[in-house]
Amino acid sequence: MEGVEPDTVSILNLAPAVSRLEDIGCCKSIHGYVIRRSICGVVLNSLIDMYSKCGEVHLARRIFDRMQVMDDDVSWATMMAGYVQNGCYFEVLQLLDKMRYKNVKTNKVSVINALLAAAEMRDLERGVEVHNCALQMGILSDIVVATPVVSMYAKCGELKKAKELFLSLEGRDLVAWSAFLLALVQAGYPGEALSMFQEMQHEGLKPDKVILTILVSACAKSSNLRLGKSMHCYAIKADMESDTSTGTTLMSMYTRLELFTYAITLFNRMQNKDVVVWNTLINGFAKYGDPRLALEVLHRLQLSEIQPDSGTMVGLISACAILDYLDLGTCLHGSIEKRGFEFDIHSPVFALPSMCCYTAAGGGNRKKPR
DNA sequence: GTAGGGTTAG
């Protein structure tokens with residue numbers, strides 16, 4: 001960028017690139033340039049988006065609050081999207097109130113983000129309000145708007161309404177289907193999700209990675225191993241098995257259905273193992289298999305470059321509970337209280353599992369490993 | 001310029 005004076009157009013081009021890099025330093029230098037040149041107007045919307053995508057939503061809000069064009073509906077929608085991206089759902093609904101008060105018009109994007117926030121807040125009343133608003137605006141025929149409406153009803157416990165609405169939609173695509181199938185699984189109807197999947201196939205749609213993860217988790221939850229295996233075959237044929245998320249869900253299904261050899265094979269075959277992959281195996285052994293193996297996997301995790309997190313702890317603590325490893329359990333507990341879940345891999349806590357076979361409290365009558 | 005879907009554990 002040396003010697004080049006970026007103008008407004010350049011800022012519009014630069015901001016999305018910086019967002020992808022999530023480089024806060026770049027954000028600030030662009031922002032500084034904007035201030036020095038007294039650039040104002042709608043170009044600042046891209047700065048709101050940029051800061052939000054870099055996780056600095058309070059800085060985005062500062063720009064939003066200082067903007068002159070407070071009646072620009074895109075500014076409001078961008079700010080709302082920023083809050084959703086950062087999990088600040090309450091603030092989205094606050095903005096919605098303020099918009100109404102100031103008579104700013106709602107647009108498709110503000111409606112979508114208000115729906116997402118209402119869903120996460122489990123605020124059915126606000127959700128219905130925004131749904132009605134979408135109806136009045138005549139934008140409900142747009143699948144991009146209708147999909148979050150379906151999710152909102154499902155998350156607020158109105159599964160019947162969600163289903164009714166989903167089935168009335170025209171032009172259901174994979175995203176709409178995934179929202180609906182997930183709603184069924186999360187509401188505790190994995191079997192129904194699997195039968196609705198047949199319906200999806202009749203519409204000529206083929207599952208992508210996202211749908212596949214939902215379906216595999218549905219197979220696990222409904223103990224449908226036959227279908228689960230056929231999903232696995234599909235994943236292999238569609239070259240999705242090596243995908244970390246898909247592989248994780250498959251591993252989880254196999255541990256849940258106690259096919260540990262399958263899970264381990266998948267684990268060993270996986271190229272990019274993140275902490276979730278490790279946790280899945282640890283938790284799988286702890287909950288459905290031999291908890292001593294969970295501790296063994298932990299030992300291997302220590303030798304890798306991956307940092308354990310709170311999900312790792314969940315499996316370890318339950319393994320300690322089953323094995324009556326009171327000393328180790330107490331130690332982990334103390335460490336959690338003291339340091340939260342930010343563990344250093346070199347922490348002595350993580351050296352304990354390898355020697356805990358010598359310190360097992362024993363004597364308990366709880367479930368023992370086979 | 002802003003915009004709808006996912007996996008582990010609990």
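It should be emphasised that the depicted structure is a prediction, and the values quoted were computed from it without experimental measurement. Note that these values count all heavy atoms, side chains included, but never hydrogens, waters or copies made by symmetry. Every chain is numbered from 1, with letters handed out A, B, ... down the list of sequences.
- Geometric assessment of A:K163 against the ring of A:F180 yields a negative cation-pi assignment under the 6.0 Å and 45° thresholds.
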Exercise for review: Would you check, one step at a time, whether the test ring pair (Phe, Tyr, Trp, His ring centres under 6.0 Å) holds for A:H232 with A:Y262?
Suggested key: CA-CA 11 Å; A:H232 189 176; A:Y262 284 60; 7.4 Å; no

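- At a threshold of 4.0 angstrom between heavy atoms, the contacts of A:D73 with the nucleic acid are absent.
- Distance A:N107 CG to B:dA3 P: 11 Å, rounded to the nearest Å.
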Exercise for review: Please assess A:W177 against A:F197 for the test ring pair (Phe, Tyr, Trp, His ring centres under 6.0 Å), listing each intermediate value before the final yes or no.
Suggested key: CA-CA 9 Å; A:W177 269 102; A:F197 168 57; 8.6 Å; no

Check your understanding: Yes or no on ring pair (Phe, Tyr, Trp, His ring centres under 6.0 Å) for A:Y89 and A:Y83, after CA distance, side-chain angles and deciding distance?
Key -> CA-CA 6 Å; A:Y89 306 112; A:Y83 275 133; 9.9 Å; no

Pairs of donor and acceptor atoms involving the side chains of residues 213-222 of chain A, under 3.5 Å and at least two apart or interchain, shall be tabulated with distances.
{"unit_1": "A:T213", "atom_1": "OG1", "unit_2": "A:V210", "atom_2": "O", "d": "2.6"}
{"unit_1": "A:S217", "atom_1": "OG", "unit_2": "A:I214", "atom_2": "O", "d": "2.9"}
{"unit_1": "A:S222", "atom_1": "OG", "unit_2": "A:A218", "atom_2": "O", "d": "2.8"}

Check your understanding: What is the per-nucleotide protein-contact pattern of nucleotides 5-10 of chain B, from the 5' end, where B denotes a base atom under 4.0 Å from a protein heavy atom, S denotes such proximity for sugar-phosphate atoms only, and - denotes neither?
Key -> BBBBSS

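- A sub-4.0 Å separation between OP1 or OP2 of B:dT2 and a side-chain N or O of A:Q85 is absent.
- Regarding A:L165, its CG atom lies at a distance of 14 Å from the C1' atom of B:dG4, rounded to whole Å.
- Rounded to whole angstrom, the span from the CD1 atom of A:I139 across to the C1' atom of B:dG4 amounts to 12 Å.
- Residues passing the side-chain contact (heavy atoms from CB on, under 4.5 Å) test with A:S110, sequence neighbours excluded: A:A77, A:M80, A:M99, A:T106, A:N107.
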